[in-house]
Chemist: 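Pasting a structure below so you can have a look.
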Amino acid sequence: MCARLTKSLEEQIEIISSGSVEIIPEDEMSSKIKRSIVTGKPLRVKFGVDPTRPDLHIGHAVPLVKLGAFQELGHSVILIIGDFTALVGDPSEQDATRPILTPQEVERNARTYIEQAEKIIDISRARIVRNSHWLSLLKLQDVLNIASKFTVARILERDDFSKRYREGKPLGLHEFLYPVMQAYDSVVLEADIEIGGTDQKFNLLAGRNLQRAMGQDPQCVITLPLLEGTDGVWKMSKSLGNDISLSDSSDEMFGKLMSIPDELIWKYMSLSTRMKPDEISSIRKEVEDGKKNPRDAKERLAVEVVGFYHGTDEAKKAAENFSKVFREGGVPEKIPVARIEANRFEKRKVWIVELLVSLKVASTNGEARRLIEGGGISLDGRKIVNIEEEMPVEELDGKILKKGRRTFIRIEVIE
RNA sequence: GGGGGAGUGCCCGAGUGGUUAAAGGGGGCGGACUGUAAAUCCGUUGGCGCAGCCUACGUAGGUUCGAAUCCUACCUCCCCCA
């Protein structure tokens with residue numbers, strides 16, 4: 001697998017800086033690239049993710065897309081699975097100490113991360129490493145040695161630390177070591193470049209400092225914008241419920257993309273798709289001149305992103321489904337099936353409230369009652385109005401239950 | 001180590017012995033409307049087959065007919081001093 005460092009310095013810089021927020025420092029970046037062209041030795045580009053959650057969303061995917069671009073340029077990319085750092089939890093942008101994960105949870109998450117990263121980068125040409133391989137071997141003495149390269153004042157400069165401190169939130173001593181560990185990863189891997197979100201700036205720069213303190217050529221740092229979630233206000237995050245997960249079905253992903261505020265269309269296009277910058281700006285101009293409906297631009301975005309993760313055919317289907325369901329009020333093609341056991345119900349009669357809870361449409365009886373009272377439930381197109389309604393189990397088989405405007409469930413009765 | 005403050009529902013925040021399942025806002029969910037899962041407006045937002053009962057105001061005990069409100073200990077955070 002030989003590197004193809006065929007692009008010129010200018011071309012490389014253009015590709016690398018497209019969409020980036022900062023490159024620190026720019027001149028060092030140029031000289032590193034120049035060196036790699038001259039020596040034919042690819043640069044080592046590092047990106048780390050902590051497997052703290054079971055899945056990634058398209059916000060996490062932004063640096064992966066960039067990593068893919070480095071790959072295209074012929075550089076060698078290293079994806080670090082932070083299985084050790086995940087045990088501590090990155091304090092970046094966190095307003096609370098993260099719950100400690102078990103090694104089993106971390107391992108399970110790590111596997112899905114790799115699976116999902118595969119959709120974006122060429123995994124066969126990438127190096128994937130787990131930082132527990134070196135971090136778990138360190139002795140306290142080593143840790144002290146590494147930690148001595150940092151001062152408390154420097155660590156406290158971090159806005160999120162001081163903010164949490166200010167706001168009276170707990171701050172664990174172990175969390176101070178987080179940037180230190182991430183920095184040490186760079187030393188071990190002798191990284192030339194590390195990329196990450198703007199929230200990672202401090203951690204990325206810590207790597208630079210530690211490499212220098214330990215006699216290495218310090219890495220360059222590239223920060224990438226954080227993608228706002230579907231609410232258009234907050235950084236995309238599962239806990240805020242505004243995320244678009246890479247594991248979302250094509251329909252879900254499509255719908256979520258259609259719900260983003262119009263202003264965000266362009267940012268999403270440039271950070272989450274392979275659309276060319278000039279194409280994006282021409283669509284943008286059409287919309288701004290009133291020649292194109294923003295809805296259509298958004299649909300284009302949704303097709304691109306869904307196509308990226310699910311393939312073009314799926315994306316087209318998702319677009320059709322979306323129109324059918326939301327513009328025409330119809331029923332989607334693929335409906336998730338929920339099974340209920342017939343013999344669980346006395347006299348084989350099902351009380352509507354109990355049905356909703358069994359189908360997990362509502363998590364409690366109270367919620368089910370509220371949904372019915374609010375007119376949000378219908379069965380095969382018939383709105384349920386009577387909270388006391390009961391029906392024989394047999395009649396439910398194959399019926400479609402609809403909650404709100406967009407949740408459909410096909411009921412399957414099993415004996 | 002000493003002194004002073006604080007901890008309320010998913011989040012923010014009012015409430016200082018009874019009429020408090022706890023004001024208000026945010027978010028969520030549902031309804032109307034819409035190019036849209038946007039914006040706006042309306043409703044709803046602890047559990048339970050629910051005109052009744054149960055559980056809840058950092059944690060654990062205590063005082064009281066009665067506690068989110070008072071007392072004690074512990075945990076966490078803030079401020080001042082060392």
Side-chain angles (χ1 to χ4, degrees), chain A residues 94-97 99 161-173 175 228-245 248-265 267-268 283 286-287 290-303 305-306 318-330 332 344-347 349-358 360-378 383-391 401-408:
Chain A
Q94 291 287 292
D95 56 2
T97 304
F161 276 153
S162 43
K163 193 170 145 222
R164 260 164 73 185
Y165 198 62
R166 232 185 298 126
E167 288 174 356
K169 304 253 170 72
L171 188 52
L173 184 56
E175 294 180 81
E228 288 87 351
T230 51
D231 53 22
V233 179
W234 302 100
K235 179 187 147 188
M236 187 176 286
S237 115
K238 186 165 190 167
S239 42
L240 292 175
N242 63 356
D243 64 318
I244 301 174
S245 169
D248 279 345
S249 70
S250 50
D251 286 336
E252 262 177 306
M253 203 180 255
F254 196 95
K256 285 181 182 179
L257 286 160
M258 289 304 285
S259 80
I260 64 166
D262 294 352
E263 317 83 73
L264 234 49
I265 295 172
K267 189 169 183 181
Y268 267 63
I283 297 176
E286 280 185 83
V287 169
K291 287 180 194 153
K292 199 185 183 91
N293 189 328
R295 201 207 80 93
D296 295 333
K298 210 187 278 183
E299 184 175 50
R300 173 71 200 281
L301 165 72
V303 168
V305 176
V306 175
E320 284 163 23
N321 265 335
F322 187 85
S323 293
K324 203 191 283 179
V325 177
F326 298 106
R327 300 173 81 175
E328 297 152 32
R344 265 188 41 214
F345 303 96
E346 247 178 84
K347 293 188 214 149
K349 293 269 265 185
V350 190
W351 175 40
I352 183 66
V353 170
E354 197 180 2
L355 176 70
L356 295 186
V357 175
S358 318
K360 298 201 171 65
V361 165
S363 49
T364 62
N365 284 9
E367 193 188 341
R369 281 166 184 274
R370 272 177 245 130
L371 283 167
I372 296 164
E373 280 160 9
I377 297 295
S378 64
K383 187 185 269 190
I384 304 290
V385 283
N386 178 14
I387 205 121
E388 301 299 334
E389 182 157 339
E390 287 190 8
M391 53 213 89
L401 187 124
K402 185 180 178 195
K403 172 202 154 198
R405 276 186 298 173
R406 61 179 192 269
T407 311
F408 295 87

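Just so we're clear, the structure is a prediction, and the values are computed from it rather than from any experiment. To find a chain, count down the sequence lines: A is the first, B the second, and so on, and within it residues start at 1. Worth knowing before you read on, the calculation uses all heavy atoms, side chains too, and leaves out hydrogens, waters and symmetry mates.
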Chemist: Pick base, sugar-phosphate or nothing for A/Glu390, based on heavy-atom distances below 4.0 Å to the nucleic acid.
Modeler: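 It contacts base atoms.
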Chemist: Find the partner of B/G7: check Watson-Crick (N1-N3 plus N6-O4 or O6-N4) and G-U wobble (N1-O2, O6-N3) distances, both under 3.5 Å, and reply none if neither fits.
Modeler: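 With both distances under 3.5 Å, B/G7 matches B/C75.
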Chemist: With 3.5 Å as the limit, what N/O pairs link the protein to nucleotides 31-36 of chain B?
Modeler:
from: B/C33; atom 1: N4; to: A/Arg405; atom 2: NH1; distance (Å): 2.8
from: B/U34; atom 1: O4; to: A/Arg405; atom 2: NH1; distance (Å): 3.1
from: B/G35; atom 1: O2'; to: A/Arg295; atom 2: NE; distance (Å): 3.4
from: B/G35; atom 1: N1; to: A/Asp262; atom 2: OD2; distance (Å): 3.4
from: B/U36; atom 1: O2; to: A/Met258; atom 2: O; distance (Å): 3.4
from: B/U36; atom 1: O2; to: A/Lys298; atom 2: NZ; distance (Å): 2.9

Chemist: A/Glu388 near the nucleic acid: base, sugar-phosphate alone, or nothing, with a heavy-atom cut-off under 4.0 Å?
Modeler: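 If one applies the 4.0 Å heavy-atom cut-off, A/Glu388 turns out to touch a base.
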Chemist: Is any side-chain heavy atom of A/Arg344 closer than 4.5 Å to a side-chain heavy atom of A/Ser358?
Modeler: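 In contact.
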Chemist: Could you give the NZ-to-P distance, from A/Lys324 to B/A37, as a whole number of Å?
Modeler: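 In whole Å, B/A37 P lies 17 Å from A/Lys324 NZ.
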Chemist: With a 4.5 Å heavy-atom cut-off, do A/Val287 and A/Ile265 have their side chains touching?
Modeler: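 With C-beta onward as the side chain, the pair stays apart.
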Chemist: Working to the nearest 0.5 angstrom, can you tell me the gap between A/Lys349 NZ and A/Glu354 CD?
Modeler: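 Reported to 0.5 Å precision, the distance equals 13.0 Å.
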Chemist: Suppose we define a pair by two distances each less than 3.5 Å, Watson-Crick or G-U wobble; what does B/U19 pair with here?
Modeler: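 With both distances under 3.5 Å required, B/U19 matches none.
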Chemist: Can you tell me how far P in B/G46 sits from the matching atom in B/A22, rounded to whole Å?
Modeler: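 Looking at atom P only, B/G46 and B/A22 are 9 Å apart.
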Chemist: Does B/G1 pair with anything, Watson-Crick or G-U wobble, both distances under 3.5 Å, and if so, with which nucleotide?
Modeler: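 With both distances under 3.5 Å, B/G1 matches B/C81.
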Chemist: For the residue pair A/Ile283 and A/Ala297, what are the closest heavy atoms and their distance?
Modeler: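 For A/Ile283 and A/Ala297, the tightest heavy-atom pair comes out as CG2-CB, 4.0 Å.
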Chemist: Taking the P atom in each of B/G18 and B/A68, what is the distance between them to the nearest angstrom?
Modeler: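 That atom pair is separated by 11 Å.
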Chemist: To the nearest 0.5 Å, how far apart are CG in A/Leu301 and CG in A/Asp296?
Modeler: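 Output value for this atom pair is 12.5 Å.
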Chemist: For nucleotides B/C74 and B/G26, find the distance between their P atoms and express it as a whole number of Å.
Modeler: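 Result for the P pair: 41 Å, nearest Å.
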Chemist: Give a yes or no answer on whether the side chain of A/Glu367 reaches the backbone of A/Ser363 with a donor-acceptor pair at less than 3.5 Å.
Modeler: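 Yes; at least one donor-acceptor contact below 3.5 Å.
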Chemist: Mark yes or no for whether A/Lys298, through its side chain, and A/Met258, through its backbone, hold a donor-acceptor pair below 3.5 Å.
Modeler: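 At least one qualifying donor-acceptor pair exists.
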Chemist: Distances for protein N/O vs nucleotides 42-48 of chain B N/O pairs under 3.5 angstrom?
Modeler:
from: B/G47; atom 1: OP1; to: A/Thr364; atom 2: OG1; distance (Å): 2.9
from: B/G47; atom 1: OP2; to: A/Arg370; atom 2: NH2; distance (Å): 2.7
from: B/C48; atom 1: OP1; to: A/Asn365; atom 2: N; distance (Å): 2.7
from: B/C48; atom 1: OP2; to: A/Asn365; atom 2: N; distance (Å): 3.3
from: B/C48; atom 1: OP2; to: A/Gly366; atom 2: N; distance (Å): 2.9

Chemist: In the strands shown, is B/G27 matched to any nucleotide by a Watson-Crick or G-U wobble pair with both distances under 3.5 Å, and which?
Modeler: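 For B/G27, the partner nucleotide comes out as B/U45, under the 3.5 Å rule.
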Chemist: Would you say A/Tyr268 and A/Ile244 make side-chain contact, with heavy atoms under 4.5 Å?
Modeler: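 Yes, at least one pair of side-chain atoms sits under 4.5 Å.
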Chemist: With a 3.5 angstrom cut-off on both distances, give the Watson-Crick or G-U wobble partner of B/C70, or none if there isn't one.
Modeler: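 Check on B/C70: paired to B/G62, both distances under 3.5 Å.
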Chemist: When the P atoms of B/G13 and B/G17 are considered, how many whole Å apart are they?
Modeler: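 Rounded to whole Å, the distance is 22 Å.
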Chemist: Taking the P atom in each of B/G52 and B/A73, what is the distance between them to the nearest angstrom?
Modeler: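 Roughly 41 Å separates the two P atoms.
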Chemist: To the nearest 0.5 Å, what is the distance between CG (A/Asp262) and CG (A/Asn293)?
Modeler: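 Interatomic distance, A/Asp262 CG to A/Asn293 CG, rounded to 0.5 Å: 8.5 Å.
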Chemist: With both distances under 3.5 angstrom, what nucleotide forms a Watson-Crick or G-U wobble pair with B/U36?
Modeler: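 Base-paired to nothing in any strand shown.
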Chemist: Name the residue from A/Ile384, A/Ile387, A/Val385 that meets the side-chain contact (heavy atoms from CB on, under 4.5 Å) definition with A/Glu373.
Modeler: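 For A/Glu373, the side-chain contact (heavy atoms from CB on, under 4.5 Å) test succeeds with only one of A/Ile384, A/Ile387, A/Val385, which is A/Ile387.
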Chemist: Using the P atoms only, state how far B/U55 lies from B/G1, rounded to an integer number of Å.
Modeler: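 Each nucleotide's P atom is 40 Å from the other's.
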Chemist: What is the distance, rounded to the nearest whole Å, between atom CG of A/Asp231 and atom P of B/G28?
Modeler: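 That distance rounds to 8 Å.
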Chemist: Which heavy atom of A/Leu371 sits nearest to which heavy atom of A/Ile377, and what is that distance?
Modeler: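 So the two residues come closest at CB-CG1, 3.8 Å.
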Chemist: For residues A/Val303 and A/Phe254, determine if any side-chain heavy atom of one lies less than 4.5 Å from a side-chain heavy atom of the other.
Modeler: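 Sidechains of A/Phe254 and A/Val303: in contact.
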Chemist: In whole Å, I'd like the distance from the CG atom of A/Leu371 to the C1' atom of B/C50.
Modeler: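 Value for this atom pair: 16 Å.
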Chemist: Find the partner of B/A56: check Watson-Crick (N1-N3 plus N6-O4 or O6-N4) and G-U wobble (N1-O2, O6-N3) distances, both under 3.5 Å, and reply none if neither fits.
Modeler: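 No nucleotide pairs with B/A56.
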Chemist: Toward the 5' end of RNA chain B, which comes first, A/Pro261 or A/Arg369, by nearest nucleotide?
Modeler: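 In this pair, the answer is A/Pro261.
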Chemist: Expressed in whole Å, how much space separates the P atoms belonging to B/A21 and B/A56?
Modeler: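 My reading of the P atoms in B/A21 and B/A56 gives 14 Å.
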Chemist: Checking A/Lys256 side chain against A/Thr230 main chain: does a donor-acceptor pair fall under 3.5 Å?
Modeler: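 No.
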Chemist: Rounding to the closest angstrom, what is the interatomic distance between B/C12 and B/U72 at atom C1'?
Modeler: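 Looking at atom C1' only, B/C12 and B/U72 are 31 Å apart.
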Chemist: Using a cut-off of under 3.5 Å, enumerate the N/O to N/O pairs linking the protein to nucleotides 51-54 of chain B.
Modeler:
none

